[in-house]
Amino acid sequence: MSGWSLAWRLARRELSVRFRGLRLLLLCLFLGVGALAAIGSLGEAIGGELTARGRILLGGDLELAVSQRQADPAELAAMRALGRVSETLRMQSMAVTARGTTAPVQLKAVDAAYPLYGQLTLADGRIVRAPNDTSVWIGRGLAERLAVGQGDLLLFGRAPFRVGGIIADEPDRLGEGFTLGPVAIVSRAGLDRTGLIQPGSLYETKYRIATPDEPTRIGKTFERRFATAGWETRTRDRASPGASRFVARMAEFLTLVGLAALVIAGIGVGNGVSSYLEARRGTIAMLKVLGATSRLVAQIYLLQLLAVAGVGIVLGLAAGIVAVPVVGLAVGAVLPIAPGLTIAPLPLALSAAYGLLIALAFCAPPLAAAGRVPAAALLRGLLDARAGGGWRGSLWGLSAGVPIVALALTTTGRPAFAAAFLGATAATLAVLVGIGMAVRAIAKRLPHPRRPLPRMALTALYRPGSRTVSLVVALGLGLTLFVLLASIRTSIDGNIRRSVPARAPALFALDVPPERETAFRDTIRAVAPTARIATVPLMRGTITAYGSTRVADLKTIPDGAWALRGERGLTFAAALPPGSSLTAGRWWSSAEARQSLVSIDERLASALDLRIGDPLTVSVLGVERTARIASFRRIAWDTLGFNFVMVFSPGALQDVPHNLAATIDMPASRDAAVTRALLPRFPSTSVVEVGGVLKQIQDVVGQMATAITVAAGIAVLAGIAVLLGAIAAARAARTYDAVMLKVLGATRRQVLAIQAMEYALLSAIVGLVALVLGAGGGWFVVTRVFQFEWLPGWAVILTTLVTGALATVLIGVAGSLPVLRSRPSAALRAL
C-alpha cells in the first residue's frame with residue numbers, strides 16, 4: 001500500500017471515536033457551519049413561502065392599486081378583459097362601541113368576489129366572503145381591545161354594524177402591509193352607509209385580478225395604456241415586496257455575520273490543530289524514523305482532520321435545519337411568515353463549502369509545519385523550531401481562502417457591502433496580529449521588574465515558544481465582539497428610548513375637513529387647553545417622472561430611491577415646514593408660491609442625481625402634475641411630526657380635492673377625552689394614538705436587535721473557542737515552563753499567579769484596542785446598515801468590556817489548570 005490508501009489506513013488507526021484532541025476543531029466547525037446553515041435556511045424558507053403563497057398573499061395574480069379614487073369605466077373594462085376582478089377599498093377609521101370606547105381600525109370594504117384565492121376564515125370555523133351590509137367581520141386584536149364579541153354593535157362613521165364574527169385568517173393580510181390598527185371588513189354597500197368616503201378622503205382602492213396570462217406582462221401593458229393615471233402594480237411573485245426586502249437584507253447581513261463567525265472559528269481550528277499535532281509529536285517522529293515522508297505525514301493528518309471536519313459540518317448542517325422552526329417560534333413577530341422544518345439545498349451546500357474551505361485554509365500552516373520538522377528535532381522535543389508551514393502552507397491556505405471570498409461576493413446581492421464587511425474582518429485580524437507582534441517586541445525591550453513573579457510574567461510574553469500573538473488575537477476577538485454587541489444593542493435601545501418617544505405627538509388625526517379646521521381646533525382645546533395642534537393638507541400621489549426619466553421605463557429602482565416605490569404622501573405649504581432645513585436652493589416667496597414648485601429630500605435628490613430646476617412629475621387622482629425643483633431639504637425624520645419627501649408650493653396642488661391631517665401634542669392623560677370629544681362632531685375623522693404605533697415599532701426593532709445579538713453571539717462563542725484553542729496550542733510550552741519552575745521550587749500558586757498576570761497584562765493592552773475596533777464596528781452597523789442614530793450607552797459598553805476582560809482572564813487561567821497538575825518526573829521524561 002502507498003499514497004492516500006496507506007495514509008488513510010494509518011490515519012484510521014489513530015482516530016478516536018471520542019475525537020480526543022480534535023474536539024475544538026469539531027466545536028468550531030459545528031458553531032460556524034450551524035450558524036450559516038440556520039441563517040441561509042431561514043431566509044430560503046421565508047422567501048420560498050412568500051413565493052409559493054404569492055397569489056394568496058396578494059389576493060390575485062395581479063394587483064392594480066390607486067389612491068383617493070376608483071377606476072373609471074375605461075380602466076375597469078380593461079381590467080375585466082384580463083380576468084376575474086375583485087375590488088377592495090381600504091381606509092383608516094375609528095370603531096366606537098355602545099359604551100363609547102374607541103379604537104383605530106383599518107376599515108376594509110370588499111365585494112362579493114373577495115377573496116379570489118385563499119379563504120377568509122372566522123374563529124368559529126366558518127369560511128365566509130363579504131358580510132351583509134349591516135354586519136362586520138373584525139380582527140381578534142380589535143375584539144380584545146374593545147372587549148366585544150359576536151352580536152355586539154360597533155359604529156363606523158355614521159353607520160352602526162353588528163359584529164358577525166372574529167377573523168381567524170385573512171388570506172391577504174401580509175400583502176396589505178403595515179396598518180395602524182386591526183382590520184374590520186365590511187361590504188362595499190356597508191362602506192357607503194358610513195359616509196366616510198368624501199372628496200379629499202384618504203383611501204386606497206385595489207383591484208385584484210385572477211388571470212391565466214403572465215401577470216408581469218399584462219401589468220406592464222396596463223401601465224403603458226394608463227401611464228398618467230398613477231396606478232401601482234404588483235404581481236404574485238412579489239406579493240409582499242417590503243417583507244421580501246426585509247428578509248433578504250437581514251439574511252444578507254446575518255450571513256456575513258455568520259461567515260465572520262466561521263472565519264473566527266477558523267482561527268480556533270488552526271490553534272486546535274496545532275495543539276493536536278503538538279501532542280502527536282512522538283508519533284510523527286516515529287513515522288519519520290520509519291521512513292515516512294513529509295508528504296505522507298501531511299496526508300495522514302489531513303485525512304484525520306477532514307474526517308472530523310466532516311462530522312462537524314454534518315452536525316452543523318443538522319443544527320441549522322432544526323434551528324429554522326425554533327427561530328420561527330422564538331421571534332415569529334419579527335418574521336413575515338413563521339417557517340417550519342425546511343431543507344434548503346443551496347444554503348446548506350454553501351454552508352458546507354464554507355466550512356470545508358475554512359478548515360482547509362486554517363489547517364494548512366500547522367500541517368505543513370508538522371511535515372517539515374526533522375525527526376531528530378521532534379525526538380529532542382524542540383518547541384516551535386519551525387513555527388510556520390513555509391511557502392507550501394501559505395499557498396495551501398491561500399488556495400482555500402480565495403474561493404471563500406469568491407463565494408461570499410458572488411452569492412450576495414450587494415458585493416460592495418460584502419467586500420467591505422469581509423475587508424473589515426480581515427483588517428481587524430491583521431491589526432490584532434500586528435499588535436501581538438508589537439507586544440512581543442516592546443516587552444522584550446522594557447526594563448524588567450525586580451519582583452520575580454511580574455518579571456517572569458513579562459518575559460513569558462516574548463520567550464521562545466510563546467503564543468503571545470495567538471493570545472492577543474484570541475483575546476482581541478472576544479473583547480471586540482463583546483464591545484460590538486454592547487454598542488449595537490445600546491444604540492438601538494437608545495434610539496427607541498430617547499430619540500423617538502421624547503419628541504412624538506400624542507395623537508394623529510386624518511381626514512379633517514379643511515372648511516372645519518377652526519371647529520376641529522376649538523373642540524380639542526375645550527378638552528385640552530394646552531394642546532399644540534399642527535395641520536397640513538394631505539393627499540396621495542405617485543412619482544411618474546423626474547428630469548427626463550419616466551419611472552415606468554426603469555428596469556430597476558436606484559439605491560436609496562425608495563420614494564419611487566408606490567404612492568407617497570403629498571402636501572403643499574407656503575413656509576418651510578418645521579423639522580426641515582434647506583441644504584440647496586431657496587424657499588419660494590409669496591409671489592412664487594403661485595407657481596408650480598417643489599422641495600424634495602436631499603437624500604432622494606442624491607439617489608436620483610437631481611439638480612435645482614429639474615422637473616418632477618406626480619400623478620394625483622389620475623392626473624399628472626409637473627413642478628420644478630426649487631430646493632433640497634434635510635428632514636428630521638425622528639420627530640414623528642409631518643415629514644414629507646416632497647413639499648409643493650400652494651400653486652402646484654392647492655386645487656386638488658384634499659383633507660387635512662393633524663398632530664396633537666398634549667399630556668397623554670387627555671388622549672381618550674380628546675378622542676371622545678372629536679368623534680361625534682367629526683365622524684369621518686380617524687384619530688390614532690401615537691403611543692400604540694410606537695409600541696409596535698419598539699417591539700419589532702427590539703426583536704430585530706435580539707435576532708442580531710443572537711446571531712452575533714455565535715461569533716462570541718467562536719471567539720471563546722479561539723481563546724481555548726490558543727491556550728491548548730501553548731500547552732506544551734507552558735508545561736515545560738511549569739515543570740522548570742516547579743523543579744526550581746515554585747509553588748502551584750506562584751505558577752498560576754504568573755499566568756494570571758500574563759493574561760491580565762494582555763487583556764489590559766487588548767482591551768483598549770477592542771474598545772476602538774468594537775465601537776467602530778458598532779457605529780458602522782447602526783448608522784450605515786440600519787440607518788439609526790449613533791446613541792451608544794458607554795457605561796454599559798465599558799462594563800461589558802471589563803466583564804469580558806475578567807471572563808477571558810478566568811478562562812485563560814482555567815485553561816492552564818491542567819498544566820499545573822503535570823508531574824515534573826513524567827513531564828521531564830516526555831520533553
Side-chain angles (χ1 to χ4, degrees), residues 67-68 200 202 227-230 232 514 517 534-554 557-663 787:
S67 284
Q68 296 183 267
L202 284 177
T228 64
E232 180 185 355
E517 180 180 0
T535 59
V536 296
L538 181 60
M539 58 205 80
R540 303 282 292 177
T542 306
I543 300 176
T544 56
Y546 59 92
S548 59
T549 303
R550 296 287 303 182
V551 175
D553 297 333
L554 294 174
I557 300 297
D559 287 340
W562 53 270
L564 300 185
R565 294 189 178 99
E567 293 183 318
R568 297 290 152 221
L570 307 178
T571 191
F572 58 86
L576 180 66
S580 294
S581 58
L582 293 182
T583 58
R586 62 187 183 85
W587 199 256
W588 39 80
S589 64
S590 56
E592 292 170 330
R594 292 190 291 270
Q595 302 175 21
S596 234
L597 304 173
V598 64
S599 175
I600 69 172
D601 174 30
E602 63 174 355
R603 288 183 291 185
L604 177 61
S606 176
L608 298 180
D609 195 25
L610 293 173
R611 301 288 183 270
I612 300 296
D614 285 349
L616 182 77
T617 302
V618 294
S619 176
V620 187
L621 295 179
V623 178
E624 284 195 339
R625 293 172 179 255
T626 300
R628 179 172 54 83
I629 296 175
S631 62
F632 300 147
R633 290 171 298 123
R634 180 177 292 118
I635 304 172
W637 293 103
D638 59 356
T639 60
L640 278 192
F642 289 120
N643 298 309
F644 292 86
V645 173
M646 298 165 284
V647 177
F648 290 82
S649 62
L653 295 179
Q654 197 170 29
D655 61 327
V656 177
H658 63 273
N659 282 332
L660 302 179
T663 59
Q787 297 183 347

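Every heavy atom of this structure was used, including side-chain atoms; hydrogens, water molecules and symmetry mates were not.
- Remark: A227 engages R550 in a side-chain contact (heavy atoms from CB on, under 4.5 Å) (not counting sequence neighbours).
- Here the CD1 atom belonging to I557 is positioned 5.0 Å from the CG atom belonging to L564, to the nearest 0.5 angstrom.
- Put simply, the side chain of S596 never gets that close to the backbone of A627: no donor and acceptor are under 3.5 Å apart.
- Remark: A591 engages S589, R594 in a side-chain contact (heavy atoms from CB on, under 4.5 Å) (not counting sequence neighbours).
- F644 contributes atom CZ, which lies 8.0 Å from atom CG of L570 (distance to the nearest 0.5 angstrom).
- Rounding to the nearest 0.5 Å places CD1 of I543 at 4.0 Å from CE of M646.
- Residues L660 and E517 are in side-chain contact: their nearest non-hydrogen atoms beyond the backbone lie under 4.5 Å apart.
- A donor-acceptor contact shorter than 3.5 Å links the side chain of T571 to the backbone of P537.
- Between E232 and R540 no salt bridge is recorded (no basic side-chain N to carboxylate O distance below 4.0 Å).
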Q: Assess whether side-chain contact (heavy atoms from CB on, under 4.5 Å) is satisfied between I600 and L610, documenting all intermediate values.
A: CA-CA 10 Å; I600 69 172; L610 293 173; 3.4 Å; yes
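- T228 contributes no side-chain N or O that, together with a main-chain N or O of E624, makes up a donor-acceptor pair within less than 3.5 Å.
- Of the inter-residue distances, the one linking W587 atom CH2 with L597 atom CG reads 9.5 Å to the nearest 0.5 angstrom.
- Taking both residues in full, the closest heavy atoms of W588 and P650 are given as NE1-CD, 4.1 Å, listed atom of the first, atom of the second, then distance.
- L616 contributes atom CG, which lies 11.0 Å from atom OG of S599 (distance to the nearest 0.5 angstrom).
- Looking at heavy atoms from C-beta onward, R628 lies out of side-chain contact with P615 at the 4.5 angstrom threshold.
- No donor-acceptor distance shorter than 3.5 angstrom exists from the side chain of S631 to the backbone of G585, with no hydrogens or angles considered.
- A donor-acceptor pair under 3.5 Å is absent between the side-chain atoms of S580 and the main chain of I635, judged by distance alone.
- Looking at R633, its side chain never comes within 3.5 Å of a backbone N or O of P577 through a donor-acceptor pair.
- For D655, the side chain to side chain donor-acceptor pair (under 3.5 Å) criterion is met by R625, not counting sequence neighbours.
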